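Below you'll find the structure, written out as structure tokens, and then a few comments.
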Amino acid sequence: MSTPLSPNVRVDLNPIDKAVMPDLGYAASGSILVTITPPEAVTAGARWKIDGGADRTSGTTVNGLSIGNHTVSFKAIAGFASPPEQVVNVTAGVTPAIIAAYTQIPAPTITDEPDSAIVAAGDAVSFAVMANAGGSPLTYQWRKVTKNLTGAAAKTDTYPIPVVSTSHAGQYNVVVDSGGGKVTSPIPSANLGVVAAITGSSTVNQGATLTLTQAAAGPGITYQWKKGGVDLVDTVDKRISGSTKNRLIVKLMDSADEGDYSCAVSMPNHAGGTLSKAGPTLPVTVRLRPVLDPLAFGPWTVAGSVIDLITAQNAPTRFTVTGLPSGVVLNRTTGQLSGKPKIAKPAKLKIIASNLAGSSAPLLADVVINALEDPTYGVFNGLIERGALNSGFGGTFTSTMTSSGTISGKLSLGRSVHAFRGVLESLPGPNATALITISRGKVLTPLTLEFTVDATTGHLTGTVTDGVSAPVNIGAWRNPWNSRSNPASGYAFSYTSLLRPPVSVLPLPADAPPQGNGYAVVKVTTSGAVKWVGKLGDGTTASRSTTLGPLGEIPLHWMLYSYTGSSQGWATIGLDSPGFQANTLDGVVDWMKNPQASAKVTNYRDGFALHNLTVIGGRYIAPAKNVVVLGLPDSPDNAELTLTGANVGDALLASAAQVTFQITAANKAVMPPTASNPAATRFTSFSAPTGAFGGSFVLRDPKPGGAAGTLIRTVKFYGLMVPRLAEGAGYFLLPQYTTDSPVPLLSGKVRFAAP
């Protein structure tokens, strides 16, 4: 324990001496004696000084000091806390004896060592130590084995690693210094193990060898491979080797070997225990040799179109058939049989499917070929052209024809819908016809519906009339698909498409149609069902359920704006066999809107004339993990968003109509800072799985008409990504810069693609 120093030591002189000494011509002076304790501090170099003068040793007396206050201070030495600086009052003839006590700083002790950890690459980890030295301040130095780590974090009681990689794996410890000594946590104080990715093929041919490697690092790590969470053991299955090493080998793979493979990585900790971390899971698929599905061919008819599809499990890539009758051919890639038998003679077929893993067992099929019979039947969907009969709005035609020749269906003429029933009339040759009268009550004249079905193509053509207006034409296609016997395998995917308006000529006329891109997501099932969900360029919903024609034909019709406008036309899916990766979606729909009666309508109140929209798109396949959408490079500023039309170029922030931004490998849209993005253009949604996106931008202009203040227009945009076009596109609706009330909206294009 230190001895407190007296802040003032004063020795009074005899009053007589005070009076005599000046007369004798002597200047009064005094002295100070300082003794330092403990001896260990003196040995360690403890010293004292008066008024900042020279260092003096313990027990030294300083004489001749002037009368008054003097400052005594003490030298700082390692391992000890110095006494506080003192002010001493010196009087004549008195020598104050001061005892100055240094306090020895204790060496630190570690009360809680840092813990070992094993983590996944990319995770965060943090090591922490708890130590004390009797309340003395501590300093820290983290080390990896014996090498000091750098950075501010390495000087604190906690050492974080925000993003761990295998290079961080190893043994960590920390040196704690109190000023009175140092203590080092044991080496290793904390082990760090890091588990990274599994490498190897996720698809293996039947009979081939699977090789998987678990990337990991750390002191003394061990491995245990698992399938479906169950340990693999080399001695149990002789096809397996390396089940306790970083590389797993499984020979002669078969369907039973499919599953989720993972590797548990273990590591000793500093306390003698074990830490474990399950690595990532890799689903492994075995590419099996094809197995042909059961077939029920025929009976076929002479001169009748053969539309049977050979199907097989396990992704066949090639089909072979022997014994086909004359006139029937095989698409070796798709398994589609086509053509017409020429002879009414039973056929014995031998069918084989193959892929990279090998060939299927052969399947034998006997096909009965009958003599020519009467017409084809099924479900037909199509369109009715625009004309006076439907007030220029067009219409739809749908019908089901059974094997017995009965007909039922509906047709729409603008806003009116009429059901009909009838019976097919067979003709010599492959075609069939129908003539049906549809009653419309006592006031309106009946409708006359007639059509012909081409049994070769499944195409229906005909007309409908009321006997007063000119007949309007009908076109429809039979849906030949069903999920069992004739699945639409090549078409049954998801597609994204745009509905592009005609190229605009600036300046736009007052009755110009919307300039934004409409868009749609189209989904097709193996049964030929089509679901079309989308928007037109003015934001109007355009969704429809229909069926697929034999060559991918899709009829489209929408009555709009409370039966004051419509859009209709055809789109077609084009096959990209054999993989169907690049299936296309093309077509043309027309679109019109009559003037609107309500003064509250702001969205093209004056309507617009009939004009064509170009349908263009293709199959949408969501990008793989860490692959940027639309095939864009994984780099900064890899995309550019542009806004055109709707007079956006007249805004004060017209430069904001073009913004360069980044789409990351995680398919997140990262916009530039405000300086490069003055209109605060941003994406509020950006879905790589579906291709849909949405966002907004803000235009700031002086209020029109000279009014004070700023007109702020916050505008939303919407669209779809179309990989076929390597772009995302859609529309926005911009309130115009005007004093008109209500403020009209105009449609413009939004588009992003590579710069």
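On a predicted model such as this, the values are computed, not experimentally measured, just so you know. Residue numbers start at 1 and run along the sequence shown. Side chains are part of it too, since the values below use all heavy atoms of this structure and drop only hydrogens, waters and symmetry mates.
What you find for S276 and S266 is that their closest heavy atoms are OG-OG, 2.8 Å. Nearest heavy atoms, N191 versus S116: N-OG, 2.9 Å.
Using a 4.5 Å cut-off on side-chain heavy atoms (C-beta onward), V286 and S255 make no contact. Side-chain contact check for D257 versus L210: every heavy-atom pair is 4.5 Å or farther apart. Between R713 and L711, some side-chain heavy-atom pair lies under the 4.5 Å cut-off. Taking the side chain as every heavy atom from C-beta outward, L720 and Y620 never approach each other to under 4.5 Å. Counting only heavy atoms from C-beta outward, the side chains of R56 and V34 never approach each other to under 4.5 Å. Side-chain contact between L643 and V715 is absent, with no heavy atoms from C-beta onward closer than 4.5 Å. With a 4.5 Å cut-off on side-chain heavy atoms, P83 and Y102 count as touching.
Side chains of K144 and Q171: a donor-acceptor N/O pair is absent below 3.5 angstrom, by distance only.
Residues meeting the ring-ring contact (aromatic ring centres under 6.0 Å, His included) test with F80, sequence neighbours left out: none. Partners of F717 under the ring-ring contact (aromatic ring centres under 6.0 Å, His included) rule, at least two apart in sequence or in another chain, are F683.
The backbone N or O of M130 sits nowhere less than 3.5 Å from a side-chain atom of E113 that would complete a donor-acceptor pair.
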